[in-house]
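Just so it is clear, the values below take in all heavy atoms, side chains as well, and ignore hydrogens, waters and symmetry mates. Residue numbers count from 1 along this sequence.
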Amino acid sequence: MTTFIKNVNELEAHFSKYKKGYLYRGQVKHFVDCKGHTNIPTSFSRHGCIPDVMFKWTHYAKAMIRGYSGVDYFDIDLELSQAILQHYGWRSFFVDLTKSSSIACWFASNAYEESKSIHMSEDIHENPVWLVHKDAKYSQSKGNGHIYIIDCLALDTLGIKIHDLTLMQGNEGRLRFDAQQACLVGNLNDRLPPQVIASHIEVPSSVLKDYCDKNSIHDVSDVFPSSDKDFVLKTLLSLPWEKMNVDSPISTFRRGLEIPDYEDNFIKHLPPNVTLYENFWVSDNRNDSDNPFKGLTFYKLPQISYYANTNEEFDLGLVSDALKRHGDFVVEIDGLVKIVEVQEEYIYEKGIHVSVDEDGYISVSGLVVSHPSNVVTGVGTNVGWVYKNNHNVWKRVDHQDECPCNNSLRHQLQFSLLRMLNEAIKNKELIIENNCCYRHKSVPPA
């Protein structure tokens, strides 16, 4: 049953009945299912899942949570990583609610719009490039908005967990889910069960706006903090742009992770730190006689090989055989990986270099690329961790030549690439390009 509210006093009186044990949801429209029940679905049930993109989003979500909370990357549960996905533009198995009635009123009185735009910019050499943006905005809606008051006890009775995202806020500025006093509920098969809705109210948009103004919520930045305040947003916006496969005389790029832009991000002359990645392969650019990678065997793998990671032990029998057969080798992925904690601009990892010395010590280090704008200015390796082969399980050992940094995650993810290489060899998924290069069948030829 819907309750109609006429003014701010009535709205405040209604909210006063639900002070403790309740959460809120605001929408500009009311949706029902075929039986007439309120329908509040998860974003996955609306849009479906794209595994490759999901793995990439989840990696960066977990890496950023680790960066500001100190929680071990592999201990971060699904709910925490979904918090980033849900609130910065991707999909999840959860429905987002808020602890704040004023935030719910803002969402109930502001309509979301999304569109594509193309910015004509210039790369580092002042050549034209097109950047495709997903523009997003909220504008004051007309008519009435809808607010749903959710009974936490009913959620608990149904075994649906509530995840309070405000507990994640640290000292790293003002994150989006903190500004929105957000909670996630789930995970859910498809939607929020309608029986957990204790009250549904319909309120004129003008009344909702007055209530928001009274509670110091005036514009989008009060709900979606700008990138200079929200480091998660800033990091996502700093990921490399990737070239689109479109028929165009001008190179066209989209963000490595496509997120809605609420800010005007037009830049005419792109600075070097805006990286434009265009399917560059180290393995295809090593003809110089002094190139340190010239005679090495390369394995080209898809990006998902990096993002579908694990810290569990795995058999490396086929990789061990490859090391015996080829000596040092390189695994290269078809993309650039930003290390969240590294402050160097336009420095990325693109795979791993595996080497073995005469004593049988195996080093796994990062393949590093310097990529300002659309130019590759340098390629090399960093210092890695050292391992010993123990019946085809490579065990890490202390070694005088190991990397002294305290970023264990960087090395764990480098090592995890070997699992995917071993699987690719086992499943016969590699194509011989030449006597020094193998390519995964899912990677198109250069």
Test K116 against E258 for salt bridge (Lys or Arg N to Asp or Glu O under 4.0 Å), laying out the working first.
CA-CA 11 Å; K116 296 283 188 181; E258 193 176 39; 2.3 Å; yes
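- Aromatic ring centres of H133 and W241: separated by under 6.0 Å.
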Stepwise side-chain contact (heavy atoms from CB on, under 4.5 Å) check, V364 with W385:
CA-CA 6 Å; V364 179; W385 275 0; 5.9 Å; no
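- Crowding of E344 atom CD: a count of heavy atoms from other residues, nucleotides or ligands under 6.0 Å not exceeding 12.
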Where do R66 and E341 land on the salt bridge (Lys or Arg N to Asp or Glu O under 4.0 Å) test, with the steps shown first?
CA-CA 10 Å; R66 173 186 180 271; E341 298 91 339; 2.3 Å; yes
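- Around the CG atom of N406, the shell of radius 6.0 Å holds no more than 12 heavy atoms that belong to other residues, nucleotides or ligands.
- Side-chain contact between I197 and I149: absent, with no pair of heavy atoms (C-beta onward) separated by less than 4.5 Å.
- Between Q86 and S92, the side chains place a donor N or O and an acceptor N or O closer than 3.5 Å (distance only, hydrogens not considered).
- Considering only residues two or more places apart in sequence or on other chains, K243 meets the side-chain contact (heavy atoms from CB on, under 4.5 Å) condition with S251, F253, E278.
- Here the closest heavy-atom approach between residue I5 and residue L11 is recorded as CG2-N, 3.6 Å.
- Taking CD1 of I425 as the reference point, atom NE2 of H440 lies at 10.5 Å (rounded to 0.5 Å).
- Side-chain contact check for H87 versus D96: some heavy-atom pair is nearer than 4.5 Å.
- Judged purely by distance below 3.5 Å, without hydrogens or angles, the side chains of Q140 and S205 pair a donor atom with an acceptor atom.
- Shown here is K268, whose NZ atom has more than 12 heavy atoms of other residues, nucleotides or ligands within 6.0 Å.
- With values rounded to the nearest 0.5 angstrom, Q181 atom CD is found 10.0 Å from L165 atom CG.
- One distance of note links CH2 of W394 with CG of L316; it measures 6.0 Å at 0.5 Å rounding.
- Side-chain contact of T166 with K99: a donor-acceptor pair under 3.5 Å is present, judged by distance alone.
- Side chains of H163 and N187 form no contact here, defined as non-hydrogen atoms less than 4.5 Å apart.
- By the 4.5 Å heavy-atom criterion applied to side chains, F224 and Q180 are counted as neighbours.
- Taking the six-membered ring for Trp, Y306 and H59 have ring centres closer than 6.0 Å.
- Residues that satisfy the salt bridge (charged side-chain N to carboxylate O under 4.0 Å, His left out) test with E313, not counting sequence neighbours, are K395.
- Residues H119 and F266 bring their aromatic ring centres within 6.0 Å.
- D123 and N374 share a side-chain donor-acceptor pair at under 3.5 Å.
- Partner of K300 under the salt bridge (charged side-chain N to carboxylate O under 4.0 Å, His left out) criterion, out of E429, E332, E433: E433 alone.
- Taking CG of D75 as the start and CD1 of I65 as the end, the distance is 12.5 Å to the nearest 0.5 Å.
- With contacts defined as side-chain heavy-atom distances shorter than 4.5 Å, the pair T38/Y148 qualifies.
- Considering H200, R25, K29 as possible partners of H146, the one that fulfils the side-chain hydrogen bond (donor to acceptor under 3.5 Å, both in side chains) test is H200.
- Listed for the E10 side chain is a donor-acceptor partner under 3.5 Å among the backbone atoms of K6.
- Counting only heavy atoms from C-beta outward, the side chains of K56 and D52 never approach each other to under 4.5 Å.
- S305 contributes no side-chain N or O that, together with a main-chain N or O of L301, makes up a donor-acceptor pair within less than 3.5 Å.
- Within 6.0 Å of atom CG in N245, 12 or fewer heavy atoms from other residues, nucleotides or ligands are found, so the atom counts as exposed in its surroundings.
- When all heavy atoms of L192 and V196 are compared, the pair lying nearest together is CG-CG2, 3.8 Å.
- Using a 3.5 Å distance cut-off with no hydrogens or angles, the side chains of S117 and D135 do pair a donor with an acceptor.
- Of the possible polar contacts, one joining the D222 side chain to the D219 backbone as a donor-acceptor pair under 3.5 Å is found.
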Step-by-step side-chain contact (heavy atoms from CB on, under 4.5 Å) determination, L131 to L276:
CA-CA 10 Å; L131 304 183; L276 307 174; 3.9 Å; yes
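- Ion pairing between a basic and an acidic side chain is recognised when a charged N comes within 4.0 Å of a carboxylate O; E12 and K214 show such pairing.
- Checked by atom type, the side-chain pair Y112/S139 shows no donor-acceptor distance below 3.5 Å.
- Salt-bridge check for K209 with D213: passed, with a basic side-chain N closer than 4.0 Å to an acidic carboxylate O.
- Cation-pi contact between K350 and W281: present, with separation from the ring centre below 6.0 Å and deviation from the ring axis of at most 45°.
- Distance check, rounded to the nearest 0.5 Å: NE2 of H411 to CG of N382 gives 6.5 Å.
- Here the side chains of I362 and V386 are not in contact, with every heavy-atom distance at 4.5 Å or above.
- A distance-only check finds no donor-acceptor pair linking the side chain of T252 to the backbone of M244 [under 3.5 Å].
- When atom types are taken as modelled, the side chain of Y88 and the backbone of R176 share a donor-acceptor pair closer than 3.5 angstrom.
- Of the possible polar contacts, none joining the N422 side chain to the L418 backbone as a donor-acceptor pair under 3.5 Å is found.
- Annotation: R396, atom CZ; neighbour count of heavy atoms from other residues, nucleotides and ligands within 6.0 Å is above 12.
- The backbone N or O of A13 sits less than 3.5 Å from a side-chain atom of S16, completing a donor-acceptor pair.
- For R255 and D261, the salt-bridge test passes: some basic side-chain N is under 4.0 Å from an acidic carboxylate O.
- Checking side-chain atoms of N390 against main-chain N and O of V393 turns up no donor-acceptor pair under 3.5 Å.
- A salt bridge links R191 with D33: the distance from a Lys NZ or Arg NE/NH1/NH2 to an Asp or Glu carboxylate oxygen falls below 4.0 Å.
- Aromatic ring orientation, Y307 versus Y60: tilted (interplanar angle from 30° to 60°).
- Here CZ of R410 is found 10.5 Å from OG of S365. Values are rounded to the nearest 0.5 Å.
- Not less than 6.0 angstrom separates the ring centroid of F329 from the ring centroid of H353.
- Partner of Y348 under the side-chain contact (heavy atoms from CB on, under 4.5 Å) criterion, chosen from I339, L239, T275: T275.
- With contacts defined as side-chain heavy-atom distances shorter than 4.5 Å, the pair S363/V354 does not qualify.
- Under a 3.5 Å cut-off, the side chain of D334 and the backbone N or O of Q303 do form a donor-acceptor pair.
- Y24 pairs with exactly one of W106, F15, F107 by the ring pair (Phe, Tyr, Trp, His ring centres under 6.0 Å) rule, that one being F15.
- Taking 4.0 Å as the cut-off between side-chain N and carboxylate O, E349 and K338 do not count as a salt-bridged pair.
- In this structure, the side chain of Y73 does not engage the main chain of I76 through any donor-acceptor pair within 3.5 Å.
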